[in-house]
Asker: 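Okay, here's the structure, questions in a sec.
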2 protein chains.
Amino acid sequence: MSPRSDAVRSRERILAAARDGRGEELRLNEIARRAGVGVGTVYRHFPTTHALTEALTRETLERMREVARAAREGSDEDAFALFLGAALDLQLDDGGLKTVLLSPADEEPGVAELKREIFAAFDEVLDRARRSGAVRADLDIVQIEHLICGIEYAVRLGASGDRAPFLEILLAGIRPAPAR
Amino acid sequence: MSPRSDAVRSRERILAAARDGRGEELRLNEIARRAGVGVGTVYRHFPTTHALTEALTRETLERMREVARAAREGSDEDAFALFLGAALDLQLDDGGLKTVLLSPADEEPGVAELKREIFAAFDEVLDRARRSGAVRADLDIVQIEHLICGIEYAVRLGASGDRAPFLEILLAGIRPAPAR
DNA sequence: ACCGAAAATGGATGAGTAATCCGCTTCCGG
DNA sequence: CCGGAAGCGGATTACTCATCCATTTTCGGT
């Protein structure tokens with residue numbers, strides 16, 4: 001049974017209102033007011049704040065999947081570095097992405113699949129990078145993701161938002177120590 | 001004029017209660033209840049949450065000053081690396097330290113001086129590290145502090161709390177790129 | 001020892017937010 | 001066009017932050 005038309009309308013209004021206030025914290029009351037619906041309606045569509053975050057982040061997740069696929073399929077030497085840069089940019093762009101990637105919740109339909117695909121491709125690219133000597137052997141995909149989040153955090157602390165030096169530092173840092 | 005005895009007692013009770021709940025978020029009502037004083041008293045002593053955080057962090061700040069002094073005075077080759085490791089440990093140990101170090105507020109008496117001393121010594125140690133080729137020339141003390149915060153964030157994301165690999169990554173990352 | 005002013009106290013209060021619950025409304029297939 | 005399921009709204013409960021001020025406590029001066 002397809003969803004009722006008013007439900008679809010409400011959902012879209014809520015998402016639009018939430019997107020308006022991007023950057024600010026998600027305040028459900030405020031979003032309901034801006035969307036012109038009751039608070040109850042917001043909770044009906046998104047039982048938790050996390051569910052709403054996932055819905056807001058879906059587009060970014062899809063972009064990340066594309067980037068990950070391209071990195072896996074391509075034969076670029078620097079695929080891993082490029083992917084890391086892209087991932088950092090996406091996370092800086094969409095403050096909710098980090099939460100969605102790290103949380104095991106996956107409440108919105110399809111999000112779990114998206115994440116699985118992203119991490120699978122990521123893992124493959126990481127594996128190649130490890131073998132080519134661009135990344136230390138003792139780092140797994142989870143630690144790398146945590147590091148990206150840490151660098152995202154550091155970039156946000158700076159007023160300039162200049163990610164370049166911090167990305168360089170991350171890439172240089174995760175390279176295996178040169179033998180001496 | 002020295003402070004009234006009841007004021008001293010209240011202050012100490014509040015700090016003790018706040019320390020009890022270390023780790024949890026600072027909830028003023030809860031702290032007041034546990035301290036056996038009224039909420040109003042808490043606000044009288046600590047007008048903002050930040051002031052309370054500073055008071056709670058003073059001891060850690062003093063330890064950091066000692067570490068920074070030692071790093072400046074010593075002639076150790078690795079003074080900078082050691083200091084960075086110590087700073088990371090202190091930040092991991094005291095969740096409020098980051099906030100106090102980064103905020104320009106300095107509401108509690110003496111905190112501004114402590115911070116000035118810490119950063120002055122830190123800056124000197126960093127300068128030596130730069131000249132000895134252990135650190136890229138384009139990084140200033142603020143960026144380094146932001147990086148430490150980012151690494152702290154990354155370590156906290158991990159369940160293990162194992163800081164070692166992340167500290168290595170930070171140290172390796174901020175080294176100048178080897179000429180090729 | 002006492003007193004009065006100043007300092008400190010405590011908790012009632014107002015304002016803001018999260019989340020639930022349920023009577024009413026809207027939708028849509030038969 | 002009708003009945004019941006799905007959806008809706010917002011009143012409500014519960015919680016926290018932060019302020020304000022009548023009352024209590026302290027303490028230096030007498």
Side-chain angles (χ1 to χ4, degrees), chain A residues 1-57 95-96 98-100 103-110, chain B residues 1-57 95-96 99-100 103-111:
Chain A
M1 185 133 98
S2 79
R4 270 171 53 166
S5 61
D6 54 348
V8 173
R9 187 162 35 78
S10 291
R11 187 174 212 274
E12 273 161 13
R13 280 190 187 173
I14 291 164
L15 286 174
R19 266 188 263 268
D20 269 0
R22 217 43 167 297
E24 297 137 56
E25 212 179 332
L26 295 178
R27 277 168 316 167
L28 283 301
N29 264 321
E30 174 65 11
I31 287 169
R33 199 187 53 68
R34 279 214 307 270
V37 305
V39 218
T41 303
V42 176
Y43 280 94
R44 158 167 292 270
H45 285 278
F46 305 102
T48 66
T49 304
H50 188 75
L52 178 53
T53 305
E54 284 183 2
L56 288 169
T57 302
K98 170 184 48 245
T99 319
V100 174
S103 160
D106 303 338
E107 301 176 40
E108 284 280 298
Chain B
M1 184 135 97
S2 77
R4 266 171 55 165
S5 61
D6 54 347
V8 173
R9 188 162 37 78
S10 291
R11 187 174 212 275
E12 273 162 14
R13 280 189 187 175
I14 292 165
L15 286 173
R19 265 188 262 269
D20 268 1
R22 217 45 166 299
E24 298 136 53
E25 213 180 330
L26 296 178
R27 279 169 315 168
L28 283 302
N29 262 320
E30 176 64 11
I31 287 170
R33 197 187 54 68
R34 279 215 307 270
V37 305
V39 218
T41 303
V42 175
Y43 280 94
R44 157 166 291 268
H45 286 278
F46 305 103
T48 67
T49 303
H50 189 74
L52 178 54
T53 304
E54 285 183 1
L56 287 171
T57 302
T99 320
V100 174
S103 161
D106 303 339
E107 301 176 40
E108 285 280 299
V111 166

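Since we're looking at a predicted model, the values are computed, not measured. Computed from heavy atoms alone, side chains included, the values below leave out hydrogens, waters and symmetry copies. Chain identifiers are assigned alphabetically (A, B, ...) following the order of the sequence lines, protein sequences preceding nucleic acid strands; residue numbering begins at 1 within each chain.
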Asker: What heavy-atom pair brings B/A105 and B/S103 nearest, and what distance separates the two atoms?
Answerer: N-OG, 2.9 Å
Asker: Hey, does the side chain of A/T41 come within less than 4.0 Å of D/dG9's phosphate (OP1/OP2), counting only N and O?
Answerer: yes
Asker: Sequence neighbours left out, cut at 3.5 Å: what donor-acceptor pairs do the side chains of residues 22-32 of chain B make with other protein atoms?
Answerer:
{"from": "B/R22", "atom 1": "NH2", "to": "B/L56", "atom 2": "O", "distance (Å)": "3.3"}
{"from": "B/E30", "atom 1": "OE2", "to": "B/R33", "atom 2": "NH2", "distance (Å)": "3.0"}
{"from": "B/E30", "atom 1": "OE2", "to": "B/R34", "atom 2": "NH1", "distance (Å)": "3.3"}

Asker: Heavy-atom nearest nucleotide on DNA chain D for A/R13 versus B/V39: which residue maps closer to 5'?
Answerer: A/R13
Asker: What pair of heavy atoms forms the shortest contact from A/T57 to A/T53, and how long is it?
Answerer: OG1-O, 2.7 Å
Asker: Which heavy atom in B/H45 sits nearest to a heavy atom in B/I14, and how many Å separate them?
Answerer: CD2-CD1, 4.0 Å
Asker: Can you tell me how far P of D/dG7 sits from CD of A/E12, to the nearest Å?
Answerer: 15 Å
Asker: Please produce a list of atom pairs where a protein N or O lies less than 3.5 Å from an N or O of nucleotides 15-17 of chain D.
Answerer:
{"from": "D/dT16", "atom 1": "OP1", "to": "B/R27", "atom 2": "NH1", "distance (Å)": "3.1"}
{"from": "D/dC17", "atom 1": "OP1", "to": "B/L26", "atom 2": "O", "distance (Å)": "3.4"}
{"from": "D/dC17", "atom 1": "OP2", "to": "B/L28", "atom 2": "N", "distance (Å)": "3.4"}

Asker: Under 4.0 Å from a heavy atom of chain B: give me the 5'-most and 3'-most nucleotides of DNA chain C that qualify.
Answerer: C/dA6 to C/dG11
Asker: I'd like to know if the side chain of B/E107 and the backbone of B/H50 have a donor-acceptor N/O pair within less than 3.5 Å.
Answerer: no
Asker: Under 3.5 Å, side chain of A/E54 to main-chain N/O of A/D106, donor-acceptor pair present?
Answerer: yes
Asker: With nearest nucleotide decided by heavy atoms, which residue, B/P47 or B/D6, maps closer to the 5′ end of DNA chain D?
Answerer: B/P47
Asker: With nearest nucleotide decided by heavy atoms, which residue, B/P3 or B/G40, maps closer to the 5′ end of DNA chain C?
Answerer: B/P3
Asker: At their closest point, which heavy atom of B/A55 faces which heavy atom of B/F46, and how far apart are they?
Answerer: CB-CE2, 3.6 Å
Asker: Closest heavy-atom contact between A/A35 and A/R13?
Answerer: O-CD, 3.3 Å
